[in-house]
Amino acid sequence: MSGQKPRTLFDKIWDAHVVETLPDGTALLYIDLHLTHEVTTPQAYAGLRAAGRGVRRPDLTLAVVDHNIATDASRYTGIVDPESRLQVETLEKNVVEFGVPYIPLLSERQGIVHVIGPELGRSLPGMTIVCGDSHTATHGAMGALAFGIGTSEVEHVLATQTLLQKPAKNMRVWVEGTLPVGCSAKDITLAIIGKIGTAGGTGHVIEYAGDAIRGLDMAGRMTLCNMAIEGGARAGMVAPDEKTFEYVANTPDGPKGAALDAAIAYWKTLPSDEGAHFDKEVRLRAEEIAPQVTWGTSPEDVLPITASVPDPAEAPNEVRRAQMQRMLDYMGLEAGQKLQDVKVDVVFIGSCTNSRIEDMRAAAAIAKGRQVAPGVRALVVPGSGLVKKQAEAEGLDVVLREAGFEWREPSCSMCLGMNPDKLTPGQRCASTSNRNFEGRQGPGGRTHLVSPAMAAAAALAGHLADVREYQPKESV
Amino acid sequence: MQAFTVLTGIAAPMPQANIDTDKIIPARFLKSIERSGFGKNLFANYRYMPDGSENPDFVLNQEPYRKAEVLIAFENFGCGSSREHAPWALLDFGIRCVIAPDFADIFHNNSFKNGVLPVKLPRAVCEQLMEDSRMGENARITVDLEREVVVRPNGEEIPFKIDPLRRHLMLNGLDDIGQTMQHVSAIDSYEAKQRAAQPWLNR
Ligand code: SF4
């Protein structure tokens with residue numbers, strides 16, 4: 001390979017997976033891991049069946065149910081909503097018919113698809129990973145190329161284990177310096193989107209670099225990459241390092257022994273070469289990031305918690321002014337109102353962005369010894385059965401329950417209005433999920449995106465609050 | 001997939017940026033296991049009032065846009081979730097082409113695979129087409145994929161570019177799995193090579 005031009009992490013993984021390049025430059029890209037869930041697969045399996053096709057590599061495919069699952073006892077007694085039930089049952093029939101490995105609902109390994117992939121050691125550095133879900137970008141934290149696909153592409157991967165793809169452009173986001181107290185990966189990712197905008201990464205794969213990124217634990221890197229799609233990017237990635245290797249070594253299904261050593265030797269060749277070309281580079285200073293909260297209905301409409309609701313009159317142009325006004329109307333906010341005065345009805349701590357054990361710990365640390373404000377409903381939803389088990393072993397469930405939080409069963413829960421956990425029209429929620437679109441958490445629901453610690457602080461205060469004023473009373 | 005060659009029809013103006021897939025089809029309607037039937041819930045949160053009645057202010061509830069076959073919008077159309085239900089809902093309603101300054105990647109991909117043509121034109125042109133579409137029922141827009149032009153109601157032709165492979169598949173209504181299957185021996189040899197080089201990937 002000597003004399004070859006320097007390549008990025010993305011270029012290396014891409015090059016290693018090109019099966020063939022078609023005359024127009026489209027690549028037939030090999031897929032190492034195909035994660036699937038109940039919402040975006042029924043039509044794909046129906047398509048295979050109609051064409052008399054099978055699944056080429058069931059061993060590289062993994063199915064789980066997450067989006068439709070209730071977080072209460074109906075998990076055990078049966079799904080109440082008939083359509084949700086049908087979707088889950090359809091998946092269960094399809095995996096049997098096509099021989100695809102499936103994590104059953106009542107397995108302790110069940111959870112949100114983007115939590116379980118890394119946690120089980122299925123999502124590994126250097127892999128190409130796809131799933132019929134835009135937040136597949138999460139797995140890029142492992143140093144993999146991971147991106148969301150539509151149902152037709154799910155069918156294509158099931159049938160051929162490949163995808164037709166045009167190469168993406170390379171973008172690098174540097175975050176250097178020390179992250180202030182009270183800030184987390186969620187604040188970094190929101191600050192980045194605030195800076196580049198929701199279309200800032202369109203057509204690109206973002207590599208996150210710099211010492212503030214290296215300083216994040218694996219869960220933090222997953223939170224970061226999870227929202228790459230909210231910045232318009234096709235994928236987000238972090239180069240694998242010792243933290244990554246140690247994480248993989250501790251997973252139940254990851255490579256072990258000599259296989260792991262061989263894998264690590266290869267993974268060490270993956271980070272971007274010195275001098276590799278990036279089409280776009282963006283730089284942020286970690287010290288300048290404050291705890292973030294969104295005020296609008298797009299993740300780019302984000303501000304530090306100390307700020308006030310912006311005034312549409314100060315918009316740079318008419319289009320933006322109208323858009324801002326529409327958002328304020330929907331969100332029920334007044335220009336100039338202090339964000340910290342905004343009352344919340346619901347707090348949701350969960351979703352593939354923030355439902356890992358580290359997130360549960362962050363929420364519990366703030367909640368310990370305090371009480372949820374009267375009238376606020378606060379839900380904590382672990383991302384998987386394994387996260388739940390670990391949290392309970394550490395007593396986090398007790399801390400949270402004593403503080404007045406509900407401790408629920410793993411699911412996508414209130415991240416999207418698809419299972420019983422929904423906002424009602426007009427309800428306002430401080431949420432650790434990734435989308436604040438109109439109606440995302442239920443028709444008419446109002447979402448403020450925040451970190452787990454900020455969400456916990458909002459639950460205690462009854463309004464959006466600055467987590468720096470709610471630092472842990474003692475360590476949990 | 002239905003082929004797309006040339007379409008002349010009513011265009012509905014939606015002068016907004018960032019029309020996300022949750023707006024196009026809210027998550028609570030994703031529970032069907034079929035590909036059809038999503039049209040009635042297209043833009044459901046805007047098309048219907050909380051009591052289920054039609055919202056008269058929403059463009060697709062107005063004449064002549066109930067029969068719209070083209071949608072004109074602004075930047076970053078189709079951002080958000082990867083749900084292919086978004087193009088399915090558009091298609092099921094009767095919309096076969098969306099014209100906007102740019103599209104989110106996954107939606108862009110998904111549309112081609114379902115015979116919904118996403119056409120990228122500069123913002124200023126989209127604004128013109130937006131005005132055209134407001135003139136009335138006879139202000140029809142033609143989208144010609146064969147010649148790669150949009151024809152305004154006044155006859156003016158505006159060229160656009162579509163990736164050649166995608167254009168070919170769409171003009172002929174071809175499914176890409178069939179195409180890829182022709183490369184199966186290359187996939188076989190890739191797998192054999194990878195199995196040897198990266199044994200940890202094989203379970
Ligand atoms: S938690 Fe939310 S964003 Fe993540 S997979 Fe589930 S629905 Fe999608």
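Naming: A, B, ... by sequence-line order, numbering from 1 per chain. What you are looking at is a predicted structure, and each value in this text was computed from that prediction instead of being measured.
To the nearest 0.5 Å, the span separating OH on B:Tyr190 from CD on A:Gln161 amounts to 10.5 Å. Here the CG atom belonging to B:Asp105 is positioned 5.0 Å from the CZ atom belonging to A:Arg234, to the nearest 0.5 angstrom. Distance check, rounded to the nearest 0.5 Å: CD of A:Glu20 to OG of B:Ser189 gives 8.0 Å. A:Thr26 OG1 to B:Arg166 CZ: the interatomic distance, rounded to the nearest 0.5 Å, is 7.5 Å.
For chain B, the nearby part of A:Thr162 is the side chain; its heavy atoms alone come within less than 4.5 Å. For chain B, the nearby parts of A:Glu155 are the backbone and the side chain; heavy atoms of each come within less than 4.5 Å. Only the side chain of A:Gln165 has a heavy atom closer than 4.5 Å to any heavy atom of chain B. The parts of A:Asp253 that come within reach of chain B are both its backbone and its side chain, each placing non-hydrogen atoms under 4.5 angstrom from that chain. Heavy atoms of A:Leu60 lying under 4.5 Å from chain B belong exclusively to its side chain. Contacts of A:Thr198 with chain B are made by both backbone and side-chain atoms, with heavy-atom separations under 4.5 Å. There is no contact between A:Ala168 and chain B, counting heavy-atom distances below 4.5 Å. Heavy atoms closer than 4.5 Å to chain A are found nowhere in B:Gln179, neither backbone nor side chain. If you measure heavy-atom distances from B:Asp102 to chain A, you find no contacts under 4.5 Å at all. With a 4.5 angstrom heavy-atom cutoff, A:Arg440 touches chain B via backbone and side-chain atoms both. Looking at A:Ser84, the atoms closer than 4.5 Å to chain B (heavy atoms on both sides) sit in the backbone and in the side chain alike. When heavy atoms are compared at a cutoff of 4.5 Å, B:Phe29 does not approach chain A at all. For a residue to count as touching a neighbouring chain, one of its non-hydrogen atoms must lie under 4.5 Å from one of that chain's; by this rule B:Gln198 touches chain A with the side chain only. Only the backbone of A:Val18 comes within contact range of chain B, judged by heavy atoms closer than 4.5 Å. Of the two parts of A:Glu89, neither the backbone nor the side chain holds a non-hydrogen atom closer than 4.5 Å to a non-hydrogen atom of chain B. Both the backbone and the side chain of A:His17 come within contact range of chain B, with heavy atoms under 4.5 Å apart.
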Full working for side-chain contact (heavy atoms from CB on, under 4.5 Å) between A:Tyr30 and B:Gln194: CA-CA 10 Å; A:Tyr30 197 77; B:Gln194 196 202 38; 3.8 Å; yes
Before you tell me yes or no, could you show the steps for A:Ser152 and B:Arg35 under side-chain contact (heavy atoms from CB on, under 4.5 Å), namely the whole-Å CA-CA distance, both residues' side-chain angles and the distance that decides it to 0.1 Å? CA-CA 11 Å; A:Ser152 298; B:Arg35 264 177 211 263; 4.0 Å; yes
Please lay out, stage by stage, how B:Tyr46 and A:Glu438 fare under the test side-chain contact (heavy atoms from CB on, under 4.5 Å). CA-CA 10 Å; B:Tyr46 308 91; A:Glu438 288 182 23; 2.6 Å; yes
Output, in order, the C-alpha distance, side-chain angles, deciding distance and verdict of side-chain contact (heavy atoms from CB on, under 4.5 Å) for B:Ser81 and A:Arg435. CA-CA 9 Å; B:Ser81 147; A:Arg435 289 195 173 130; 3.5 Å; yes
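Counting heavy-atom pairs closer than 4.5 Å to chain A, the top residue among B:Ala17, B:Ala86, B:Ser82 is B:Ser82. Between chain B and the options A:Leu416, A:Thr160, A:Asp59, heavy-atom pairs under 4.5 Å are most frequent for A:Thr160. With chain B as the partner, the residue from A:Met127, A:His135, A:Gln87 showing the most heavy-atom pairs under 4.5 Å is A:Gln87. When A:Lys422, A:His67, A:Met418 are compared by the number of non-hydrogen pairs under 4.5 Å with chain B, A:Met418 comes out ahead. Per-residue counts of heavy-atom pairs under 4.5 Å with chain B were compared for A:Tyr266, A:Phe147, A:Tyr45; the largest is that of A:Tyr266. In terms of heavy-atom pairs under 4.5 angstrom with chain A, the leader among B:Thr180, B:Asp176, B:Asn76, B:Asn18 is B:Thr180. When A:Gly417, A:Gly25, A:Gly126, A:Cys131 are compared by the number of non-hydrogen pairs under 4.5 Å with chain B, A:Gly417 comes out ahead. Of the listed residues (B:Asn202, B:Thr21, B:Asp188, B:Val184), the one with the most heavy-atom contacts under 4.5 Å to chain A is B:Asp188. Among the candidates A:Arg56, A:Glu38, A:Arg326, the residue making the largest number of heavy-atom pairs closer than 4.5 Å to chain B is A:Arg56.
Side-chain polar atoms of A:Thr40 and B:Glu84 form no donor-acceptor pair below 3.5 angstrom.
Ring geometry for A:Trp267 against B:Trp200 counts as perpendicular: the plane angle is over 60°, on a 0 to 90° scale with 30° as the lower cut.
Counting only heavy atoms from C-beta outward, the side chains of A:Asp81 and B:Lys31 approach each other to under 4.5 Å. A 4.5 Å side-chain heavy-atom check between B:Gln16 and A:Gln323 finds every atom pair outside the cut-off. Between B:Ile33 and A:Glu83, every side-chain heavy-atom pair lies at or beyond the 4.5 Å cut-off. Taking the side chain as every heavy atom from C-beta outward, B:Cys79 and A:Glu230 never approach each other to under 4.5 Å. Within the 4.5 Å cutoff, side-chain heavy atoms of A:Pro443 are placed close to those of B:Arg28.
Looking at B:Asp22, its side chain never comes within 3.5 Å of a backbone N or O of A:Phe437 through a donor-acceptor pair.
Crowding of A:Lys166 atom NZ: a count of heavy atoms from other residues, nucleotides or ligands under 6.0 Å exceeding 12.
Salt bridge absent: A:Asp24 and B:Arg167 never bring a charged side-chain N and a carboxylate O closer than 4.0 Å. With salt bridges taken as basic N to acidic carboxylate O contacts below 4.0 Å, none links B:Glu75 and A:Arg320.
Annotation: residues 106-114 of chain B contacts chain A through B:Ile106, B:Asn109, B:Asn110, B:Lys113, B:Asn114 [non-hydrogen atoms, separation under 4.5 Å]. Listed by sequence position, A:Ala259, A:Ala262, A:Ala263 are the residues of residues 256-264 of chain A in contact with chain B, using a 4.5 angstrom heavy-atom cutoff.
Nearest heavy atoms, B:Ser32 versus A:Pro42: O-CG, 4.5 Å.
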